[in-house]
Amino acid sequence: MEVLTLAAVALALLHFGAPLAYHYYLRSKWLRKPWGVRRNPGYKPKVSIIVPTYNEAALIESKLDDIAGQDYPRELVEVIVVDSASADGTPEKVEEWARRNPGLKLVLVREPARKGKAFALNNALRYASGEVVAITDADSKWASRDTLSNAVSWLGDPSVGAVTCLKLPAGKGVAGVEEGYREYYNAVRLAESKAHSTPVFHGELALFRRELLEELGGFPTSLGADDSHTATRIALMGYRSIAVDDAWCVESVPSSGYHKWRVRRAQHLVQHFAATLRHLRRAPGEFRKILAAEAYLHVFNPWVLLLAAAILLYQAVKLSVAAAALLALGAALLAYRPYRTWVATQAYLVAASIRNLWTKEIAWEKQAKQ
Ligand code: GDD
Ligand code: MN
């Protein structure tokens, strides 16, 4: 085989080997490990639930119903809806809902102009009086009545600073991609959490100790993954930021513009990991390994695959039979779902890094959900 073709094979082995090795390590060493933190179901702090909204008129009422249906003591809950100049009547829907449900304390904060989700969250924080702040997207659902109580109980251990849910996909993405992606990522989130902390949080349900948010000066407005970045900074402070297996969320997948949605979210993750790289050296314990692995996998590894494919293509054009055969094998494997899911994710991450060069998508286009 030609030297260039061999180099491409080596790059492909690195690309696929790194996540497989990480995944194997997570599964064998950490996934079945005890948590090292103790849930305390008796811990019932006041919780401020913040719901950021931008044109969510179609979903906001059922979201509020969902919150009101939780088994967490009502007198310990305050809901803060922060709306950024929606044009579809979202704030009016919130006001009507509050009139029909006087039993639940609700504050509506109306921003005169839209400056993005994190900016809105910081505005809402000024009204939050709970010991715990819970953020939840309007287009998400909590899987059961005890989702919030379960998540809060983990904060009963003083070493835990932030808690997020695991995600159930609702609706199928293109060719089942979304579903496969979730199975793999939930196992990763859980194993990382057991080892120390996970650097990826979910806007469907993200709980933070309010005093830690204050110490950080609120959510970051210069990058998109407000939830993940905040959780990571809390882990860097030495607390645990964990995804737990007794709190599940359902997220809605856009009914159209699926690829655009995946690219934007990938953009935010790349921004987040690129910004955490410089804190790597002060990451505590196992979190350093986790952060290094995830930053590599999100920021660098996708390019390794692209480079391998480009070399093979170049060699194939130069009539290398080996290169052409390897390319054909890579294409044929797309029939296999986990591989297809993986390759699609790499494509989104590469597209995201490129797109980050000219836009950060801090205030993104609203997409209709299934
Ligand atoms: N107040 C306010 N202002 N809310 C906003 C704004 C804004 O400018 N932009 C979006 N939101 C609200 C939406 O109404 C929704 O409740 C929530 O923020 C999430 O927005 P989606 O449009 O549903 O985003 P997503 O689900 O695709 O984004 C996911 O990834 C983001 C990072 O890429 C979620 O997990 C987000 O929470 C996360 O920030
Ligand atoms: Mn969403």
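All ligand and atom numbering here is 1-based and tracks the order in the structure.
The minimum distance between the Mn ion (ligand 2) and any N, O or S atom of D139 involves atom OD2.
Classification of E204 and K167 as a salt-bridged pair holds, one side-chain N sitting under 4.0 Å from a carboxylate O. Looking at R110 and E92, a side-chain N of the basic residue comes within less than 4.0 Å of a carboxylate O on the acidic one, giving a salt bridge. Ion pair D157/R39 not flagged as a salt bridge, since none of the NZ, NE, NH1 or NH2 atoms sits closer than 4.0 Å to an Asp/Glu carboxylate oxygen.
For the pair R265 and Y348, the NZ or CZ position fails the cation-pi test of under 6.0 Å to the six-membered ring centre and within 45 degrees of the ring normal.
Grouping the Ile, Leu, Val, Met, Phe, Trp and Tyr side chains by contacts below 4.5 angstrom, directly or via other members, places Y127 apart from L76.
Below 30°, between 30° and 60°, or above 60°: for Y339 and F16 the angle between ring planes is below 30°, a parallel geometry.
Near ligand 1, residues P52, T53, Y54, E56, V82, S84, R114, G116, K117, A120, D137, A138, D139, G203, G224, D226, D227, W261, R264, R265, H268, W364, K369 come within 4.0 angstrom through at least one heavy atom.
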